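To start, the structure under review is shown below, and the notes come after it.
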Amino acid sequence: MKILVIHGPNLNLLGIRERHIYGTKDISFVNECIKKEAEKLKIEVEIFQSNSEGSIIDKIHEAMDDKNIIIINAGAYTHYSYAIRDAIASTRIPTIEVHLSNIHAREEFRSKSVIAPVCVGQISGFSYHSYLLALKAAAEIEF
Ligand code: DQA
């Protein structure tokens, strides 16, 4: 099984940005945890971060070559990027939406995810463990 993990905009600033919401761990720590969990679950994982919508879309398209599942934290694009939503729908690769914070317990604009309807499910509010839970779901559930 080959999984692509995508971190969207501003997630490169984890550990610096709004630590009371997103925690104190930086992206390298989160990526190390993702790699360790993937190894345990015998999953091959590629991790990608971009602040740009187009690069995220290109990466989703590329995943059609060799990825079985996508795990995506689309950051703020979650709430308004119809282009990322369409990319997910077009590739038809089962995609799990993740968020560090509980997007339903914050500002109203965050409770709407335009990508949720084209994802198999959403894991939101478990800090960086959201990614690890998504990996477990990917390993254990046949989508
Ligand atoms: C986020 C939630 C989004 O609303 C926000 O724009 C982010 C991070 C999360 O992981 O909690 O950048 O996706």
Side-chain angles (χ1 to χ4, degrees), residues 1-41 43-64 66-141 143:
M1 176 174 305
K2 289 189 183 173
I3 293 189
L4 172 64
V5 175
I6 299 176
H7 301 292
N10 299 308
L11 292 165
N12 54 313
L13 296 184
L14 279 185
I16 298 168
R17 74 182 285 220
E18 299 174 282
R19 297 162 79 156
H20 57 294
I21 298 171
Y22 300 117
T24 55
K25 307 292 188 198
D26 66 15
I27 192 151
S28 323
F29 175 88
V30 175
N31 287 343
E32 275 317 302
C33 292
I34 290 171
K35 285 182 203 157
K36 274 188 206 146
E37 188 67 24
E39 211 176 291
K40 253 200 266 167
L41 297 165
I43 289 172
E44 228 179 277
V45 75
E46 180 186 343
I47 304 172
F48 175 78
Q49 192 277 327
S50 176
N51 294 319
S52 121
E53 190 178 25
S55 306
I56 292 171
I57 292 165
D58 289 340
K59 199 69 191 174
I60 293 170
H61 292 177
E62 249 178 54
M64 283 194 287
D66 65 344
K67 299 294 188 299
N68 309 97
I69 290 175
I70 297 172
I71 293 171
I72 185 167
N73 183 349
Y77 287 138
T78 303
H79 313 301
Y80 65 91
S81 176
Y82 298 122
I84 290 178
R85 174 200 166 114
D86 284 353
I88 294 168
S90 304
T91 64
R92 299 165 80 188
I93 299 170
T95 298
I96 304 173
E97 175 184 356
V98 300
H99 299 283
L100 299 147
S101 64
N102 178 356
I103 59 169
H104 303 285
R106 300 182 59 196
E107 300 96 323
E108 203 182 329
F109 76 88
R110 291 187 206 274
S111 63
K112 171 87 184 162
S113 164
V114 300
I115 69 167
V118 295
C119 289
V120 292
Q122 182 189 79
I123 301 171
S124 177
F126 298 95
S127 177
Y128 66 90
H129 296 276
S130 294
Y131 292 93
L132 310 183
L133 293 168
L135 281 174
K136 278 191 194 127
E140 286 174 28
I141 301 167
F143 297 117

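Count residues from 1 along the sequence. Counting starts at 1 for both ligands and their atoms, in listed order. Owing to the predicted nature of the structure, the values given are computational and were not obtained by experimental measurement.
Note on ring orientation: taking the six-membered ring where Trp is involved, the planes of His79 and Phe109 are perpendicular (angle over 60°, cut-offs 30° and 60°).
Polar contact check, Val98 against ligand 1: no nitrogen or oxygen pair lies under 3.5 Å apart.
Distances shorter than 4.0 angstrom do not occur between any heavy atom of Tyr77 and any atom of ligand 1. At least one heavy atom of Asn73 sits closer than 4.0 Å to an atom of ligand 1. In this structure, Glu107 does not count as a contact residue of ligand 1, since none of its heavy atoms falls inside 4.0 Å of the ligand.
For atom 11 (O) of ligand 1, the nearest protein heavy atom (residue, atom name, distance) is Ser101 OG, 2.6 Å. Counting protein heavy atoms only, atom 4 (O) of ligand 1 is closest to His79 NE2, 2.7 Å. Scanning all protein heavy atoms for the shortest distance to atom 9 (C) of ligand 1 gives Leu100 N, 3.4 Å.
Annotation: side chain of Glu37 is in contact with side chain of Lys40 (closest heavy-atom distance under 4.5 Å).
Across all non-hydrogen atoms, the minimal contact from Val118 to Ile88 is O-CG2, 3.6 Å.
Annotation: the span from Asn73 atom CG to Leu14 atom CG amounts to 8.0 Å, rounded to 0.5 Å.
Formation of a donor-acceptor pair under 3.5 Å by the Ser130 side chain with backbone atoms of His99 is found in this model.
In terms of the side chain to side chain contact (heavy atoms under 4.5 Å, CB included) criterion, residue partners of Ser81 (sequence neighbours excluded) are, by chain and number, Glu53, Tyr77, Ala83, Ile84.
Taking only non-hydrogen atoms, the option from Arg17, Arg110, His99 nearest to atom 12 (O) of ligand 1 is Arg17.
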